[in-house]
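Working notes, beginning with the structure itself.
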Amino acid sequence: MAREYNFREIEQKWHRLWVEKQTYKVTEDAGRRKFYVLNMFPYPSGAGLHVGHPLGYIASDIYARFKRQQGYNVLNPMGYDSYGLPAEQYAIQTGQHPEKTTFQNIDRYREQLDKIGFSFDWNREVRTCDPGYYHWTQWAFQKMFGSYFCLKCQQAKPIEQLIQHFEQQGTEGITVAQTEELAFTAEEWRAWDEKRKSDVLMNYRLAFLGETMVNWCPKLGTVLANDEVVEGVSVRGGYPVEQKKMRQWCLRVSAYAQRLLDGLETIQWSESIKETQRNWIGRSEGTEVKFRIASSDETFTIFTTRADTMFGVTFMVLAPESELVQQVTTPEQRQQVEDYLRYVKGRTERERQIDHRVTGVFTGAYAINPFTGEKNPIWVSEYVLSGYGTGAIMAVPAHDSRDYAFARHFGLPIVPLIEGADVSEESYDAKEGIVCNSPAAGKTPYCSLTLNGLTVKEAIAATKKYVEENGLGRVKVNYRLRDAIFSRQRYWGEPFPVYYKNGIPTLIPESCLPLCLPHVESFLPTETGEPPLGNAQIWAWDEQKKQVVDKQLIDEENIFPLDLYTMPGFAGSSAYYLRYMDPHNETALVSAEADKYWQSVDLYVGGSEHATGHLIYSRFWNKFLFDLGISCREEPFQKLVNQGMIQGRSNFVYRIKDTNTFVSLGLKENYETTPIHVDVNIVKNDVLDLESFKSWRPEYNTAEFILEDGKYICGWAIEKMSKSMFNVVNPDMIVERYGADTLRLYEMFLGPVEQSKPWDTNGIDGCHRFLKKFWQLFWDKDGQLQLTDDEPSAESMKTLHRLIKKVTADIETFNYNTSISAFMVATNEWTAQHCTNRQVLSQAVALISPFAPHIAEELWEALGHDTSVCDAEWPSYDEKYLVESSVRLGVQFNGKVKFSMDFPADATPEQMVAQVLAADEAQRFLQEMQVVKTIAVPKRIVNIVVRP
RNA sequence: GCCCAGAUGGUGGAAUUGGUAGACACGAGGGACUUAAAAUCCCUUGACCAUAACGGUCGUACGGGUUCGAGUCCCGUUCCGGGCACCA
């Protein structure tokens with residue numbers, strides 16, 4: 001009896017042995033080089049895994065196993081991002097408590113993951129909802145609360161240092177990240193009470209309470225961060241989001257804008273994702289210029305990147321939310337302005353984004369252009385945003401399309417400043433050309449500057465210099481990156497380790513962390529924003545006893561209310577890679593030793609949808625911990641690979657209108673039909689299984705079919721993989737039918753890891769067949785190992801070394817699909833060569849081990865090894881097996897291949913050309929031709945250019 | 001509007017980075033084995049023309065260019081995907 005490839009038996013056996021032998025347990029080992037591979041950990045959603053989810057895990061597992069075989073000490077951990085909206089929404093939808101659903105879902109995920117044969121070290125598993133884990137999320141928050149950011153040294157510092165500065169000098173001489181620019185003296189500071197001081201410090205802390213406009217989502221009952229809102233609706237659920245002013249915890253991410261930008265130059269991420277982050281950070285170099293309000297001593301500041309256009313300003317515009325609006329509006333215009341502000345307030349964020357209508361109102365006030373002395377009317381318009389720059393602009397309609405539209409609409413003057421710019425139809429926005437129309441030097445008493453004849457770039461530089469030298473303003477860099485709103489009016493998240501002592505937010509002592517999430521029966525969010533934690537009875541802080549107590553005691557001495565908000569999903573996922581280094585440490589997030597050994601993630605694999613969320617927050621968080629001296633590397637993820645999405649391939653049947661008859665794809669044009677999604681699992685190669693279809697749903701019991709060639713052919717389309725399209729393929733089902741090794745191989749064979757591609761189960765047979773063929777290399781007809789120890793044949797060695805070279809190079813570049821093709825070719829060659837050589841086939845097993853670990857273990861054991869194949873040394877190749885004794889070259893005349901010739905492998909181009917020209921076939925061509933030129937490319941081609 | 005990435009058979013995708021386009025796999029067609037099915041194996045499979053056999057022409061979204069030679073490099077166009085977007 002031939003020995004069959006019994007994948008079920010093999011895979012079960014090795015899953016058991018890997019657990020028993022702790023094969024994938026990792027410990028720090030100073031004697032070995034480390035390598036840290038990480039996947040973005042999953043949200044354990046209720047739907048379980050479909051075949052798209054493990055794609056990245058398989059890719060990184062292959063890399064991890066490869067590195068391990070190369071002798072690295074590889075950290076390849078896994079865990080669960082189990083706090084936050086997705087987990088909670090699932091709980092709400094199923095009407096169960098998130099505590100319950102989260103753990104159920106985690107178990108289900110684990111069960112599915114275990115079937116695929118990953119080399120995860122589960123001893124290091126982390127869960128963000130575990131108090132032992134969120135201890136350190138809360139701890140980091142407290143550290144941020146206790147820090148400010150020094151802009152001069154570009155570093156976070158303890159807030160005590162800033163307080164000391166205030167005590168001595170007030171705000172004099174500080175250059176720090178802050179919400180708004182405050183100015184006070186040491187005397188003023190010292191005179192303030194604790195509450196006032198606390199409020200002022202919020203202007204500087206890296207984690208602070210801020211009264212800001214937030215994205216409020218009534219349906220989700222919580223505020224959302226900017227990256228959680230797209231086009232005015234929530235990313236989760238697609239519910240409307242409105243702007244609301246609320247007092248919220250925020251993280252001063254913007255302080256790190258420049259470092260976040262600079263760091264991108266030091267890491268190996270795809271250009272597109274770096275570009276996305278650059279856009280999101282939105283650095284913009286410009287100038288702030290002060291304008292005086294006419295007949296007043298008040299001034300206000302605008303921000304512009306086009307300082308060269310100072311002479312083209314014809315009006316000013318304020319954002320409707322700007323406090324200046326109230327200050328400058330004249331009594332005559334007040335009514336109109338009030339009406340306008342009411343109109344703006346009534347517009348939702350979504351309306352504002354979609355509908356860019358030109359609206360605005362004159363305030364009645366004028367601003368004096370410091371360069372010309374001209375009086376420019378001050379308008380209010382919704383096209384100026386309050387949250388960017390200073391919330392006020394100078395309008396240069398000739399060179400800004402938005403100002404142009406506004407000027408046209410309200411009949412304001414347009415003054416062009418660039419030679420040859422025609423602004424009769426549209427503005428000239430390009431930052432190029434020669435500046436004109438600025439007054440000659442000394443022409444106005446206001447300004448000695450002339451820009452005429454300069455390029456735009458030169459003019460900007462000259463104006464900046466002038467502004468600074470004359471105290472008219474300053475050079476300023478603005479960033480679009482906003483501070484992150486850090487609180488959620490939700491239940492399922494980390495509580496803030498903060499209580500309110502006489503209204504002053506106060507940290508609970510570090511030694512009392514973690515502050516555990518209390519159980520509440522009613523965890524549902526409310527549309528009004530009442531936090532569910534308000535339902536917790538035992539939720540007050542006893543300062544004396546240092547513990548959580550019943551909130552009814554709040555009026556007593558030393559007992560204060562605790563914060564009722566929870567942290568957002570990204571809190572727990574921002575530093576989890578550090579925790580994996582030292583997951584059981586109870587005294588620190590990560591010990592200095594563990595951090596020093598593992599450093600940072602060498603290879604991070606995950607979806608590009610986190611570009612402006614997790615991947616920004618994590619970098620911010622790590623930079624902060626770096627400033628604290630906790631993390632030894634400034635960037636957390638050195639190389640990032642973004643796996644593509646696996647799309648679904650849906651199938652359709654075509655029902656003839658008003659009947660229960662279905663017509664095959666090729667004949668559907670003859671009828672009026674409705675396409676209906678049909679479960680892809682009852683379709684094979686687009687042929688419908690009629691019996692399964694009838695029993696799929698009761699209404700199809702009596703279905704009738706119009707077939708072509710006796711078959712029902714379904715239509716198909718590539719769509720998102722989702723339950724509603726019946727195109728979800730479950731990995732468990734594939735593992736059951738073909739085995740985990742086949743699944744792993746096929747997921748990689750589908751195409752490049754970084755590319756999105758549709759899943760089509762039909763192709764999987766090819767990979768399964770390959771594994772069977774590979775298996776059969778080892779066994780004879782009687783099921784005995786058929787290996788020989790003789791000298792391997794030259795051709796089998798050539799096959800082997802070509803394979804080693806190809807696979808080694810491919811793994812490094814994540815081209816797993818071509819590696820697998822190479823395996824298929826090599827296996828066919830060995831079969832044809834009747835290769836049974838132990839030396840050759842042992843190395844083949846070592847090579848295939850990262851891709852198909854179960855079959856590799858089984859064969860490795862059969863070969864007589866008593867160690868796991870995952871510690872088998874990665875084979876190296878020797879070029880000597882790859883050299884060809886002769887080279888067959890195509891010979892071209894005028895670029896067309898005419899014949900081919902064999903040359904010795906070491907022939908020089910000159911020798912080849914000489915030999916070709918001497919050949920009979922060449923002679924025939926050349927009789928009536930003249931050789932113009934000959935080109936020989938070694939090992940490729942000889943080309944001879946001729947003419948009659 | 002700006003920025004990034006891409007377009008190759010019926011399908012997923014290869015192509016040594018400027019050197020015989022279509023590797024490998026699926027699907028399809030034909031054949032072998034079998035009572036039959038499954039499994040396995042062999043042949044054909046970019047398009048068109050042609051043949052007993054050979055052979056030829058076209059072909060990597062489209063139009064130009066550089067080159068002895070272009071899927072690959074340059075310029076322009078179209079289409080698809082992604083990011084940013086009244087950001088001054």
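The shown structure was predicted, so the numbers you read here are calculated from the model rather than taken from an experiment.
Note: CG (Asn376(A)) to P (A88(B)) measures 20 Å, nearest angstrom. As a whole-Å value, the separation of Arg802(A) CZ from A14(B) P is 20 Å. Here the C1' atom of nucleotide A85(B) and the CZ atom of Arg480(A) are 7 Å apart, to the nearest Å. As rounded to whole Å, 18 Å separates atom P of A88(B) from atom CG of Leu318(A). Spacing between atom CZ of Arg283(A) and atom P of A85(B) amounts to 19 Å, rounded to whole angstrom units. When rounded to the nearest whole Å, the span between CD of Gln647(A) and P of C80(B) equals 16 Å. Trp269(A) has its CH2 atom 17 Å from the P atom of A5(B), to the nearest Å. Following rounding to the nearest Å, Leu55(A) (CG) and G12(B) (C1') show an atom-to-atom distance of 14 Å.
Between the P atoms of C80(B) and G64(B), the separation comes to 23 Å (whole Å). Taking atom C1' on both nucleotides, A50(B) is separated from A14(B) by 31 Å, rounded to a whole Å. Distance noted for atom C1' between G59(B) and A5(B): 26 Å (whole Å). Nucleotides G10(B) and G65(B) are separated by 28 Å at their P atoms, to the nearest Å. When the C1' atom is used for both G46(B) and G13(B), the distance is 15 Å, rounded to whole Å. As rounded to the nearest Å, U67(B) and A28(B) have P atoms that lie 48 Å from one another. U78(B) and A88(B) have their C1' atoms separated by 33 Å, with the value rounded to a whole Å. Rounded to the nearest Å, the gap between the C1' atom of U11(B) and that of G27(B) is 7 Å.
A cation-pi contact, defined as under 6.0 Å to the ring centre and within 45° of the axis, is absent between Arg278(A) and Trp269(A).
Between A88(B) and Tyr388(A), a contact under 4.0 Å exists linking OP1 or OP2 to a side-chain N or O. For the pair Thr276(A) and C84(B), the criterion of a side-chain N or O lying under 4.0 Å from OP1 or OP2 is not met. Regarding contacts with the backbone of G13(B), a side-chain N or O of Gln755(A) is found under 4.0 angstrom from either OP1 or OP2.
Across all non-hydrogen atoms, the minimal contact from Phe406(A) to Thr359(A) is CE1-O, 3.2 Å. Residues Leu55(A) and Met748(A) share a closest heavy-atom pair of O-CE, 3.5 Å.
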Subject >> Worked check of side-chain contact (heavy atoms from CB on, under 4.5 Å) between Met394(A) and Val289(A) >> reply: CA-CA 9 Å; Met394(A) 61 179 212; Val289(A) 184; 5.6 Å; no
**OP:** May I have the step-by-step check of ring-ring contact (aromatic ring centres under 6.0 Å, His included) for Phe749(A) and Tyr816(A), ending in yes or no?
**Re:** CA-CA 7 Å; Phe749(A) 187 70; Tyr816(A) 300 132; over 10 Å; no
**OP:** Take Asp686(A) and Arg649(A) through the salt bridge (Lys or Arg N to Asp or Glu O under 4.0 Å) test and state the conclusion after the steps.
**Re:** CA-CA 10 Å; Asp686(A) 294 338; Arg649(A) 188 179 188 278; 2.9 Å; yes
**OP:** Give the intermediate values and the outcome of salt bridge (Lys or Arg N to Asp or Glu O under 4.0 Å) for residues Glu382(A) and Arg357(A).
**Re:** CA-CA 9 Å; Glu382(A) 58 181 332; Arg357(A) 62 176 80 164; 5.4 Å; no
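Ring centroids of Tyr5(A) and Phe774(A) are separated by 6.0 Å or more, keeping the two rings apart. Taking the six-membered ring wherever Trp is involved, the centroid distance between the rings of Tyr881(A) and His801(A) falls below 6.0 Å.
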Subject >> Nucleic acid footprint by protein, nucleotides 22-32 of chain B - heavy-atom cut-off 4.0 Å, B for base, S for sugar-phosphate alone >> reply: -BBSSS-----
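Across all strands, Lys806(A) comes closer than 4.0 Å to no nucleic acid atom at all (heavy-atom distances). Using a 4.0 Å heavy-atom cutoff across all strands shown, Leu750(A) reaches sugar-phosphate atoms only and no base atom. Nucleic acid contact for Val384(A): base, since at least one base atom lies under 4.0 Å from a heavy atom of the residue. Here Arg482(A) lies in heavy-atom contact (under 4.0 Å) with a base. As judged by a 4.0 angstrom heavy-atom cut-off over every strand, Arg357(A) is placed among the base-contacting residues.
By the rule that a glycosidic angle within 90° of 0 means syn, G31(B) does not qualify and counts as anti. For U17(B), the glycosidic angle deviates from 0 by 90° or less, giving a syn base.
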Side-chain donor/acceptor pairs under 3.5 Å, residues 763-773 of chain A, sequence neighbours excluded:
| unit_1 | atom_1 | unit_2 | atom_2 | d |
| --- | --- | --- | --- | --- |
| His768(A) | ND1 | Tyr738(A) | O | 3.3 |
| His768(A) | ND1 | Thr742(A) | OG1 | 2.9 |

**OP:** Would you sketch RNA chain B in dot-bracket for me? Only Watson-Crick or G-U wobble pairs with both distances under 3.5 Å count, crossing pairs as [ ], other-strand pairs as |, the rest as dots.
**Re:** ((((.((..(((......[....)))((((((.......))))))((((.....))))..(((((..]....))))))).))))....
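Among the nucleotides C86(B), G13(B), A39(B), the one closest to any side-chain atom of Pro752(A) is G13(B). Checking G12(B), A88(B), A39(B) against every side-chain atom of Lys757(A), the shortest atom distance belongs to G12(B).
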So which protein nitrogen or oxygen atoms get under 3.5 Å of nucleotides 2-4 of chain B's nitrogens or oxygens?
| unit_1 | atom_1 | unit_2 | atom_2 | d |
| --- | --- | --- | --- | --- |
| C3(B) | O2' | Glu275(A) | OE2 | 3.0 |

Please list, for nucleotides 43-46 of chain B, all pairs of protein and nucleotide N/O atoms separated by less than 3.5 Å.
none

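More than 12 heavy atoms of other shown residues, nucleotides or ligands fall within 6.0 angstrom of atom CD in Glu609(A).
Of the two residues contacting RNA chain B, namely Asp403(A) and Pro758(A), the nearest-nucleotide position lying further toward the 5' end is that of Pro758(A).
At distances below 3.5 Å, not a single donor-acceptor pair connects side-chain atoms of Lys431(A) with backbone N or O atoms of Asp429(A). Using a distance-only test at 3.5 Å, with no hydrogens or angles considered, no donor-acceptor pair links the side chain of Trp280(A) to the main chain of Gly613(A).
A salt bridge links Glu285(A) and Arg283(A); the closest N-O separation between the charged side-chain nitrogens and carboxylate oxygens is under 4.0 Å.
Note on residues 814-833 of chain A: pairs passing salt bridge (Lys or Arg N to Asp or Glu O under 4.0 Å), not counting sequence neighbours, are Arg802(A)-Glu829(A).
With respect to Thr314(A), the side chain to side chain contact (heavy atoms under 4.5 Å, CB included) criterion is satisfied by exactly one of Ile414(A), Asp403(A), Val415(A): Val415(A).
Using modelled atom types and a 3.5 Å distance limit, the side chains of Ser284(A) and Asn478(A) yield no donor-acceptor pair.
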